[in-house]
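Each remark here refers to the structure printed beneath this line.
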Amino acid sequence: MRFVYTLIFYLLLPLILLRLTWRALRAPAYAKRWSERFGFVPTIKNSGDKKVIWLHTVSVGEFIAALPLIRQLQLNPALQLVITTTTPTGSERVRASLGDSVFHSYAPYDIPGVLARFLNRTRPAALLIMETELWPNTLAACARRNIPSILINGRMSARSARGYQKFSGLTRPMLQQLSLGLLQNKDDAARMQQLGLSAENIRVTGNIKFDLSLSDDLRLQAAALKQQWSRDGERLIWIAASTHQGEDEMILDALQQARQANNPIFNNSLLVLVPRHPERFASVASLCERRGFKVARRSSQSLEPDADIIIGDTMGELLLLFGASDIAFVGGSLVANGGHNFIEPAAWGLPLLSGPHVFNFAEVSRLLQEAGGLVLVASAQQLAAELNRLTGDAMERTRRGQAALAVAHDNRGALQKTLAELEVFL
């Protein structure tokens, strides 16, 4: 089986390198530090015989979700953390948040020789994997070295499960190498068991994204930014966050259609539009300008009094931008991307809107919809109608926002459950 995994990966390697080159052309940061992806990382000089824990977080979202866990692990002086990411934006967040307090690099490719090099240089005592980033050679390499591998905050949507099931001959032996799966809910757990993870190695611990903490400093920054952008409460602010290609056009359509209703509150509102990927910042700004909107950029730190749209073109500020807003639309959902994290705007007590494609956050979206904090829309026309309804009814905004906030509060506790399950390995 190891030979099959290796053969498949080497056959795909030219395509992987081609894709990496293509991404580097669009986002130059991908052109840097290629050697790390092949396991050429510095050897950890482990003074004091600390236990090395390798934690893999794919990109920004997974890293931010893991950050409270990382902070707790750092309280243990016997641990040395190795944090890997796949994307440059994730890497930037690790460095900005943790600096030199952790060992950081890009994750090694799922190739036996590459993994051997990485493991020889880092020598982890355990591997923690956030959410769904499972690779057969990585799990096999850890198993051969008796390195336990634990899936943290694991999720498995019905759509993803169908994809894994098509390759059950590879999926089942891969999952049998996993030491423990800490899953977000019982549906995720059932799908993982059906795919091959032993029931003995499954725990339902909840979603650690609910254990988000909004610091006093962040609240003060958000309040100041909201005061500036709203002109001391004169303008209502709505945010369209983590949007994908093909979605921005629909949001701008909704903006134009909502204005046709002659709702004076909405017509005076300000849209904060935050593309998911930084390589799209400039193109989305240009799209808005071509549509006739007056556009400002968050990175300029200035705002024209009559700006219609602010492009959120900075990294690591989405939580702050939610805090400066009155209504939140969460993207990746009007297109079939699966949605993004609803918990951050819910923690600010915002009424939530989303497209119908939320399969990556099915359980969270279900909880929020049942509580009345989230409404799904399937078109620009429906989005426009909901925006007019919310901007014209302050009591409805408050009711939905408080419902979302209650869901965020009521589902806390997964972090402590996760830490308790990890004790035996750490």
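All values below were derived from every heavy atom in this structure, side-chain atoms included, with hydrogens, water molecules and symmetry-related copies excluded.
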Step-by-step salt bridge (charged side-chain N to carboxylate O under 4.0 Å, His left out) determination, D306 to K294: CA-CA 7 Å; D306 56 347; K294 187 158 188 179; 3.0 Å; yes
Flag for [Y]-[X]: side-chain donor and acceptor within less than 3.5 Å:
{"X": "T391", "Y": "N263", "answer": "yes"}
{"X": "T87", "Y": "T89", "answer": "yes"}
{"X": "Q74", "Y": "S101", "answer": "yes"}
{"X": "R291", "Y": "Q256", "answer": "yes"}
{"X": "E133", "Y": "W135", "answer": "yes"}
{"X": "R33", "Y": "S91", "answer": "yes"}
{"X": "D253", "Y": "Q257", "answer": "no"}
{"X": "S160", "Y": "S157", "answer": "yes"}
{"X": "N207", "Y": "N153", "answer": "yes"}

Looking at [Y] and [X], is any side-chain nitrogen of the basic one under 4.0 Å from a carboxylate oxygen of the acidic one?
{"X": "R93", "Y": "E62", "value": "no"}
{"X": "K186", "Y": "E363", "value": "no"}
{"X": "D393", "Y": "R399", "value": "no"}
{"X": "R280", "Y": "D248", "value": "yes"}

Stepwise, does the side chain to side chain donor-acceptor pair (under 3.5 Å) test hold for E421 with T418? CA-CA 5 Å; E421 292 290 347; T418 298; over 6 Å; no
Distance col, row I239:CD1 vs L271:CG, nearest 0.5 angstrom, shows 8.5 Å
Residue pair R276, E247: steps toward the salt bridge (charged side-chain N to carboxylate O under 4.0 Å, His left out) verdict: CA-CA 11 Å; R276 177 69 174 180; E247 203 165 32; over 6 Å; no
Determine, using ring centers only, whether H357 and H244 are less than 6.0 Å apart. no
For the rings on W54 and F118, is their centre-to-centre separation under 6.0 Å? yes
Take the angle between the ring planes of F361 and F342 and call it parallel below 30°, perpendicular above 60°, tilted in between. perpendicular
Nearest heavy-atom contact between G206 and A414 is C-CB, 3.5 Å
